[in-house]
Amino acid sequence: MVASTRQEFGSLFSLYLAIGVAVALVVFATLAFALVRYRARPGRVPSTRSEANKLEAGAALLIAAIVAFLLTRTFSTEAREDGSAAQRVRIDVTAFQWGWRFTYPGQGVSVVGNSNRPPTFAVPVDRPVHFALTSSDVIHAFWVPEERFKRDAIPDKTNEFDLEFENPGREEGLCSEFCGLRHSGMHFWVQVLPGESYERWLAAQR
Ligand SMILES: [Cu+2]
């Protein structure tokens with residue numbers, strides 16, 4: 001999920017903060033205790049070297065356990081995030097005068113259309129879609145008003161973004177950067193499909 005990346009790493013940060021505060025409290029309390037209890041007084045001599053092997057070993061073990069716990073939680077959160085990123089649908093978008101090409105990398109599917117025949121490309125509902133947007137000639141702009149989303153398509157540059165489409169149906173897209181004579185006809189359609197229909201659409205395009 002696009003939004004949960006924030007939550008996942010947010011809760012990981014809270015965990016680090018809580019443990020950090022607890023460790024700091026123990027350290028400061030021990031320090032304060034030692035300063036007060038063992039401070040210099042008339043007639044007191046400095047203590048000689050002494051060891052508390054069991055206590056020290058216990059402290060080392062406790063620290064190692066905390067480190068191991070945090071490492072495990074960090075890497076498992078990372079793995080979950082990478083996993084969900086791998087499940088994203090990828091679509092490469094190329095704008096040109098005056099049309100659009102939508103390519104699904106690794107799927108062998110590519111949809112293209114121009115101002116005479118605007119292209120329709122499909123996305124699955126409620127699944128993050130990762131777009132890589134560029135242009136092959138002049139600056140255009142990818143605009144889907146229904147999603148309140150607009151991004152420039154710039155030659156020799158790739159703009160990447162994630163979108164999640166919540167409502168099944170057909171949404172109109174257009175170029176919103178004046179790019180020449182037929183700019184006003186540079187439309188496309190986004191078909192938002194439930195999971196199975198999306199897979200069927202993809203298979204039918206091959
Ligand atoms: Cu354009």
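Both counts, for ligands and for their atoms, begin at 1 and track the order of listing.
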Atom name, H140 (N, O or S, nearest to the Cu ion (ligand 1)): ND1

Ring geometry between Y104 and W201 (parallel below 30°, tilted from 30 to 60°, perpendicular above 60°): tilted

Q107 versus R90, side-chain donor and acceptor atoms under 3.5 Å: no

Under 2.8 Å: N/O/S of M186 next to the Cu ion (ligand 1): yes

C175 N/O/S atom closer than 2.8 Å to the Cu ion (ligand 1): yes

Atom of L133, atom of R151 and distance for their closest heavy-atom approach: CD2-O, 3.5 Å

Geometric class of the F142/F121 ring pair [parallel <30°, tilted 30-60°, perpendicular >60°]: tilted

